[in-house]
Amino acid sequence: MSSVISSNNPDAVEQAVNVLNSGGLVGLPTETVYGLAARADLDGAVSKIFEAKGRPTGHPLILHISDISDLHRYAVTIPTAAIHLAEHCWPGPLTLLLHKSSDVSRLVTGGRETVAIRIPANDCARQIIRQCGHAVAAPSANVFGHVSPTTAKHVHDDLGENVDLIVDDGNCSIGVESTIIDFTTARPQLLRPGGFPVEDLESIIGTQILMPTGESRASGMLSSHYAPKCKVVLVDSVAEAASVLAEYRDSRVLDHWDNPPLYAASLYTQMRLADDEGLSAIIAVLPPKSGLGMAIRDRLTKASFL
Ligand code: TXA
Ligand code: MG
């Protein structure tokens with residue numbers, strides 16, 4: 001069984017750093033979802049991430065750094081707009097896709113010449129990364145294809161002894177993964193909607209961000225990702241939810257459509273709870289498409305594919 005340490009424990013950072021430096025895996029709290037972290041420069045440790053999650057090695061990992069100055073250590077030929085976003089949005093739920101430096105292992109990037117980088121807005125996570133002295137690679141700490149974890153218990157439920165230490169910092173405040181913007185193409189392009197609304201990013205850089213087209217290169221964009229076992233039924237209004245509810249035995253309505261931050265923060269917990277309770281379906285009222293609603297609709301839609 002993996003051990004769990006509270007982020008309030010004065011030894012939490014040191015213990016996590018020791019695990020990372022000896023090539024182990026840490027369940028790392030972030031503001032979006034919990035990550036499964038390994039030191040990105042230790043190929044043996046990074047390999048354990050793919051094994052623990054059952055994730056194909058072609059699916060690249062996000063590098064998590066603690067300070068913006070480290071951006072230039074891991075990425076090269078960074079466009080001004082990307083630096084601008086990093087300065088405004090980090091720490092925060094934004095991931096930038098850039099050209100990788102020679103310091104980044106191809107194991108982390110799934111063989112690509114590009115690297116995804118972010119600074120998480122979680123004090124404990126940043127302290128761990130800073131003291132580790134190297135970026136950590138961290139996908140969401142769930143079994144591949146399952147719902148992402150927003151509590152330490154979710155991490156434990158999915159990965160058990162495959163993670164050496166879980167740092168428990170309570171519930172993730174945002175609850176959906178980071179927004180990923182590709183800056184390796186001629187114009188910035190959205191790869192995954194997430195915790196940072198695209199409209200806000202566009203107003204910071206003063207240019208339009210292209211919507212994902214065709215086959216996206218981000219693995220989270222595969223259909224049937226983020227999925228609970230129960231059926232996820234999408235509806236457009238509370239009234240429609242009420243009429244559909246009767247069709248399903250043991251089902252529940254998710255109706256925070258008018259409060260996107262609360263919807264996002266509770267979404268994955270509700271999906272996991274539905275499975276724990278053996279519900280047959282979740283009836284989800286879709287929030288408006290703007291702001292955080294875009295990411296919530298994206299995850300609900302992925303979860304609704306059978
Ligand atoms: O909020 C988050 O981003 C969380 C926390 C832990 O930071 N992490 C997360 O990681 O969601 P993961 O591995 O579950 O999703 C990362 C996504 C994947 O869809 C992956 O394909 C994409 O980022 N990605 C990473 N590096 C990439 C690259 N070089 N090119 C294209 N996509 C990349
Ligand atoms: Mg994931």
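What you see below is based on every heavy atom in this structure, not just the backbone, and it leaves out hydrogens, waters and symmetry mates. We count ligands from 1, going down the list as the structure has it; atoms in each ligand are counted the same way. All of these numbers come straight from a predicted model, not from anything done at the bench.
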Verdict with reasoning, Asp164 to Val26, per side chain to side chain contact (heavy atoms under 4.5 Å, CB included): CA-CA 6 Å; Asp164 299 295; Val26 170; over 6 Å; no
Flag the pair Ile49 / Leu25 as yes when at least one side-chain heavy-atom distance between them is below 4.5 Å, and no otherwise. yes
For ligand 1, is any non-hydrogen atom under 4.0 Å from Glu113's backbone (N, CA, C, O), its side chain (CB onward), both, or neither? neither
Whether Ser140 has an N, O or S atom under 2.8 Å from the Mg ion (ligand 2): yes
Can you find an N/O atom of Thr30 closer than 3.5 Å to an N/O atom of ligand 1? no
For ligand 1, the portion of Thr32 having any non-hydrogen atom under 4.0 Å away: side chain
Note: ligand 1 atoms sitting under 4.0 Å from heavy atoms of His64 are 5 (C), 6 (C), 7 (O)
From Lys229, Arg252, Arg272, residue fulfilling salt bridge (Lys or Arg N to Asp or Glu O under 4.0 Å) relative to Glu277: Arg252
Test side chain to side chain contact (heavy atoms under 4.5 Å, CB included) on Gln189 and Ile209 and set out the steps. CA-CA 5 Å; Gln189 188 185 357; Ile209 292 170; 5.6 Å; no
Under 3.5 Å between some N or O of ligand 1 and some N or O of Glu177? no
Answer with side chain, backbone, both or neither: which part of Leu97 has a heavy atom less than 4.0 angstrom from an atom of ligand 1? side chain
When Glu113 is tested against each of Arg106, Lys100, His99 for side-chain hydrogen bond (donor to acceptor under 3.5 Å, both in side chains), which residue passes? Arg106
Note: ligand 1 atoms sitting under 4.0 Å from heavy atoms of Arg112 are 28 (C), 29 (N), 30 (N)
Could you tell me whether His156 and Tyr34 have their ring centroids closer than 6.0 angstrom? no
A quick test of your reading: do over 12 heavy atoms of other residues, nucleotides or ligands sit less than 6.0 Å from CD of Glu14? no
Mark up the atoms of ligand 1 that fall under 4.0 Å of a heavy atom belonging to Arg55, in ascending order. 12 (P), 13 (O), 14 (O)
Please determine if Thr109 has a nitrogen or oxygen closer than 3.5 Å to a nitrogen or oxygen of ligand 1. no
Just which atoms of ligand 1 are under 4.0 Å from any heavy atom in Gly35? 6 (C)
Looking only at heavy atoms, is any part of His59 under 4.0 Å from ligand 1, and if so is it the side chain, the backbone, or both, or is it neither? neither
Taking only heavy atoms of Ser178 into account, list the atoms of ligand 1 that are under 4.0 Å away from them. 1 (O), 2 (C), 3 (O)
4.5 Å side-chain heavy-atom contact, Gln270 and Pro228: no
Quick one: does Tyr34 get an N or O within less than 3.5 Å of an N or O on ligand 1? no
Does ligand 1 have any atom that is closer than 4.0 Å to a heavy atom of Arg118? yes
Answer side chain, backbone, both or neither: which part of Asp182 comes under 4.0 Å from ligand 1, heavy atoms only. neither
Within a strict 4.5 Å, meaning less than it, do heavy atoms of the Val176 and Ile174 side chains meet? yes
Element-labelled atoms of ligand 1 that are located less than 4.0 Å from some non-hydrogen atom of Ala116: 25 (C), 26 (N)
Is there a donor in the side chain of Thr269 and an acceptor in the side chain of Thr150, or the other way round, less than 3.5 Å apart? yes
So which of Arg126, Arg118, His64 actually passes side-chain hydrogen bond (donor to acceptor under 3.5 Å, both in side chains) with Thr30? Arg118
